[in-house]
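Notes follow once the structure below has been shown.
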Amino acid sequence: MRIGMGYDVHKLAEDRKLILGGVEIPYEKGLLGHSDADVLLHAIMDALLGAAALGDIGKHFPDTDPQYKGISSIKLMEHVGQLLRDNQFEIGNIDSTVICQRPKLAPYREQMVKNIAKALQIREDQICVKATTEEGLGFTGEGLGISSQAIVLLK
């Protein structure tokens, strides 16, 4: 068995869609990044790639490559899932947390889990998506950005 940990953070910006877990969430700002800047999926992908010793998302999907400009992170996650299968890894479970003051994510978590399960071809009961605030502290608490952490178990 192997354990991997992932972390990602992006700045909130005007004129961007807010995409988390492959779900477009109505909000006045979105996350700034080369792709759709989905911090949840980026943290999960880094955890999966790290556990398999296959590098990180920057290695596989560099932000200097124009083919990834604006790409859906769900597409990237599908590729990571295939890499894991090609290397004989099976996902045991994924535990993740999104850290943001606003918006509230509870109404969207079920769809996030469905999207992740479909992209990785695993069961929904292998995935947990949680959300928390930092009670007004730090850059996430001040509404300047959103971060995410993930830990995974591979077999």
Side-chain angles (χ1 to χ4, degrees), residues 2-25 27 29-87 89 91-103 105 108-122 124 126-134 138-141 143-154:
R2 293 171 165 227
I3 297 169
M5 188 284 243
Y7 173 81
D8 195 40
V9 61
H10 284 275
K11 180 180 178 178
L12 282 162
E14 301 287 337
D15 301 318
R16 291 278 299 188
K17 293 179 181 177
L18 179 58
I19 311 287
L20 293 170
V23 177
E24 186 175 334
I25 298 170
Y27 193 58
K29 294 182 180 178
L31 293 169
L32 188 61
H34 187 68
S35 67
D36 63 6
D38 188 328
V39 293
L40 174 58
L41 297 189
H42 292 185
I44 292 170
M45 286 188 283
D46 264 348
L48 292 166
L49 290 167
L54 293 172
D56 61 18
I57 60 174
K59 173 184 174 181
H60 292 274
F61 318 110
D63 64 6
T64 55
D65 190 330
Q67 74 175 317
Y68 301 119
K69 178 78 174 154
I71 194 167
S72 166
S73 294
I74 287 288
K75 295 288 183 201
L76 304 179
M77 183 163 274
E78 289 169 353
H79 181 77
V80 168
Q82 188 60 54
L83 277 173
L84 294 174
R85 290 186 294 279
D86 290 347
N87 285 276
F89 287 106
I91 298 170
N93 74 301
I94 297 169
D95 187 19
S96 60
T97 305
V98 178
I99 302 125
C100 65
Q101 197 65 35
R102 294 179 320 149
L105 301 180
Y108 309 102
R109 290 189 308 175
E110 186 177 323
Q111 187 60 53
M112 292 176 190
V113 169
K114 288 179 186 307
N115 292 347
I116 295 164
K118 182 178 178 187
L120 293 173
Q121 300 177 18
I122 62 175
E124 292 175 26
Q126 291 173 270
I127 304 161
C128 183
V129 173
K130 303 179 301 289
T132 190
T133 70
E134 290 194 303
F139 70 91
T140 58
L144 300 175
I146 296 177
S147 67
S148 185
Q149 299 178 5
I151 189 162
V152 302
L153 176 70
L154 296 184

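Hydrogens, waters and symmetry mates play no part in the numbers below; they use all other heavy atoms, side chains included.
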Using every non-hydrogen atom in the two residues, find where [X] and [Y] come nearest and quote the distance to one decimal.
X	Y	value
A117	E124	CB-CG, 3.8 Å
C100	I146	CB-CG1, 3.6 Å
P103	I25	CG-CG2, 3.9 Å
L120	R85	O-NH1, 3.4 Å
I91	I94	CG2-CG1, 4.0 Å
A37	H42	CA-CE1, 3.9 Å

Calculate, to the nearest 0.5 Å, the distance between atoms [atom1] and [atom2] belonging to [X] and [Y] respectively.
X	Y	atom1	atom2	answer
D46	I57	CG	CD1	4.5 Å
L48	R2	CG	CZ	12.5 Å
L83	M45	CG	CE	11.0 Å
L12	L32	CG	CG	9.5 Å
E134	I99	CD	CD1	6.0 Å
L41	K75	CG	NZ	13.0 Å

Any side-chain to backbone donor/acceptor pair from [X] onto [Y]? Under 3.5 Å, distance only.
X	Y	answer
H60	L76	no
S148	T97	yes
R16	L31	yes
D36	S73	yes
H34	D65	yes
S96	C128	yes
D95	I151	no
N87	F89	no

### side-chain contact (heavy atoms from CB on, under 4.5 Å) partner of V98, the single match among D8, L40, T140
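Testing each of D8, L40, T140 against V98, the sole residue satisfying side-chain contact (heavy atoms from CB on, under 4.5 Å) is L40.
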
Are there over 12 heavy-atom neighbours, none belonging to [X], within less than 6.0 Å of that residue's [atom1]?
X	atom1	answer
R102	CZ	no
D15	CG	no
K130	NZ	yes
I3	CD1	no
E110	CD	no

### Contact check, side chains of Q101 and T133, non-hydrogen atoms, under 4.5 Å
yes

### Message
Quick check: do V80 and F61 have side-chain heavy atoms less than 4.5 Å from each other?
### Response
yes

